[in-house]
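Basis for what follows: all heavy atoms, side chains included, without hydrogens, waters or symmetry-related copies. All ligand and atom numbering here is 1-based and tracks the order in the structure. Just so you know, residue 1 is the first one in the sequence shown, and it goes up from there.
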Amino acid sequence: MSIDLHKWSPGRVVELHRWADALYSLRVEAEIEPFEAGQFGRLGLMLDGEFVSRPYSFVNAPEERPLDFYFIVIPDGRLSPKLAALRPGDTVWVARKPSGFFTLSQVPAGKFLWLLATGTALGPFLSILKTQTPWQRFLKIVLVHGVRTRSELAYQATIAGFRSVHLRQFRFFSSVTREPGGDFSVRIPQAIESGLLEELAGTALAPEDSQVMICGNPEMVKDTVALLQARGFKENLRKSPGQITTERYW
Ligand code: NAP
């Protein structure tokens with residue numbers, strides 16, 4: 001089987017960074033078309049004569065290089081264990097055309113931007129926060145990262161960088177659910193339901209002035225959307241703008 005070079009760019013692995021047990025960031029130099037922060041690319045490898053590819057969000061800002069992909073190894077997955085075995089200098093195929101609608105250009109105006117992620121779905125939010133747009137458009141930005149254990153709190157230096165540049169505009173909270181040590185230990189929907197997140201953030205989560213982007217575990221996305229809908233939030237659809245913009249990560 002041959003690879004369509006119009007669709008696929010040969011990427012050169014620059015670095016494979018291991019954050020925790022099954023969590024990695026793959027940094028790649030590849031020629032691709034421009035993308036908007038929040039979009040995803042595709043990575044592919046030729047495995048036993050078959051070309052296998054999967055979508056992965058960009059963590060890097062659109063102008064930033066190398067490309068940066070944050071991923072979890074799915075034990076019985078076809079591609080992710082092979083990505084985790086790559087070494088600098090290896091080739092990984094990168095789709096030339098990025099895709100996706102989980103971007104700020106799809107999000108209506110608001111005062112407060114709430115970014116809720118579990119696991120590797122932190123990635124698209126980091127890309128977005130590395131651009132100027134969210135800081136110009138919103139008075140205050142609250143990023144929440146939900147993980148099982150503290151070791152899964154990746155990209156802490158990047159997040160600390162946002163905090164130091166946007167001290168008054170930015171708040172970050174970790175939800176670590178299976179051991180102590182996060183800013184809170186309940187799941188994200190529970191932190192919203194109990195009012196804990198608003199209390200910590202010092203900001204009300206209300207449809208009048210908040211926009212919420214949610215990305216990650218499909219069950220977390222579903223539960224959080226239902227909770228927000230009960231508070232009067234509406235899903236942001238192309239034909240009818242709302243305050244909840246979502247991306248299910250698998
Ligand atoms: P995860 O199970 O998604 O947990 C991350 C955080 O989300 C934890 O704090 C967890 O809380 C919370 N959470 C789980 N279900 C929730 C719900 N219904 N509502 C609210 N919060 C919820 O863990 P992960 O390590 O990121 O991913 C685990 C597995 O997901 C992987 O091993 C893989 O099987 C799958 N996954 C698949 C892909 C893919 O592309 N196919 C990508 C990423 C992950 P608790 O600790 O209370 O559960």
Side-chain angles (χ1 to χ4, degrees), residues 16-26 38-45 47 52-59 68-84 86 92 94-95 98-100 102 114-127 142-156 159 172-198 200 205 212-231 233 235 244 246-250:
L16 181 80
H17 179 82
R18 187 177 188 205
W19 299 97
D21 238 9
L23 291 172
Y24 294 84
S25 289
L26 185 66
Q39 285 194 301
F40 56 87
R42 267 191 108 78
L43 297 175
L45 289 173
L47 302 174
V52 180
S53 73
R54 301 276 183 271
Y56 290 97
S57 297
F58 299 102
V59 181
D68 188 8
F69 303 97
Y70 180 37
F71 70 97
I72 186 166
V73 174
I74 315 287
D76 55 356
R78 288 283 314 273
L79 187 64
S80 59
K82 303 288 191 231
L83 293 178
L86 290 170
V92 58
V94 186
S99 8
F102 194 66
W114 301 77
L115 307 175
L116 312 178
T118 57
T120 51
L122 176 70
F125 291 140
L126 298 182
S127 182
V142 181
L143 172 66
V144 186
H145 190 198
V147 294
R148 297 176 179 188
T149 62
R150 284 192 311 273
S151 66
E152 295 164 6
L153 290 172
Y155 288 97
Q156 287 296 295
I159 292 167
F172 169 76
F173 300 104
S174 58
S175 151
V176 179
T177 45
R178 300 196 186 183
E179 63 182 24
D183 292 308
F184 50 86
S185 59
V186 293
R187 288 174 164 189
I188 291 172
Q190 279 75 53
I192 295 172
E193 196 165 27
S194 66
L196 174 66
L197 182 59
E198 288 163 287
L200 290 172
L205 178 53
V212 187
M213 296 180 82
I214 314 171
C215 189
N217 184 314
E219 291 300 312
M220 181 281 284
V221 174
K222 199 175 83 192
D223 293 356
T224 310
V225 168
L227 188 67
L228 292 172
Q229 282 175 330
R231 285 190 177 203
F233 282 78
E235 283 211 70
I244 311 172
T246 61
E247 179 125 294
R248 295 162 44 138
Y249 229 45
W250 66 90

Flag, side chain of [X] to backbone of [Y], donor-acceptor distance under 3.5 Å:
X    : Y    : answer
E193 : L227 : no
R150 : G182 : no
S174 : G146 : no
E179 : T149 : no
S175 : F184 : no

Could you find the nearest protein heavy atom to [atom] and give me its residue, atom name and distance?
atom                    : result
atom 14 (C) of ligand 1 : N217 ND2, 3.4 Å
atom 23 (O) of ligand 1 : R148 NE, 3.1 Å
atom 9 (O) of ligand 1  : T177 OG1, 2.7 Å
atom 31 (C) of ligand 1 : I72 CD1, 3.9 Å
atom 26 (O) of ligand 1 : G119 CA, 3.5 Å
atom 42 (C) of ligand 1 : W250 CE3, 3.3 Å

Where on [X] is there a heavy atom closer than 4.0 Å to ligand 1, on the side chain, on the backbone, on both, or on neither?
X    : answer
A22  : neither
V147 : backbone
R187 : side chain
M220 : both

Checklist entry - Does any N/O atom on R178 come nearer than 3.5 Å to any N/O atom on ligand 1? => result yes
Checklist entry - Just distances here: any N/O of T118 and N/O of ligand 1 closer than 3.5 Å? => result no
Using a strict 4.0 Å cut-off to heavy atoms of [X], name the atoms of ligand 1 that fall inside it.
X    : answer
D223 : 17 (C), 18 (N), 19 (N)
E219 : 17 (C), 18 (N)
I74  : 33 (C), 36 (N), 37 (C), 38 (C), 39 (C), 41 (N)
G146 : 5 (C), 6 (C), 9 (O)

Checklist entry - So, F125 versus F102, ring centres under 6.0 angstrom or not? => result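 Judged by ring-centre distance (under 6.0 Å), F125 and F102 do meet the cut-off.
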Checklist entry - When the ring centroid of Y56 is compared with that of F40, is the distance short of 6.0 Å? => result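 No, the ring of Y56 stays outside the 6.0 Å limit from the ring of F40, centre to centre.
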Checklist entry - Hey, are the side chains of Y24 and L83 touching, using non-hydrogen atoms and a 4.5 Å cut-off? => result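 Side-chain contact under 4.5 Å: no.
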Checklist entry - What class does the angle between the rings of Y155 and W19 fall in, given that below 30° is parallel, 30 to 60° is tilted and above 60° is perpendicular? => result tilted
Checklist entry - Can you list every salt bridge (charged side-chain N to carboxylate O under 4.0 Å, His left out) pair that touches residues 69-81, not counting sequence neighbours? => result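 Sorted pair list: E50-R78.
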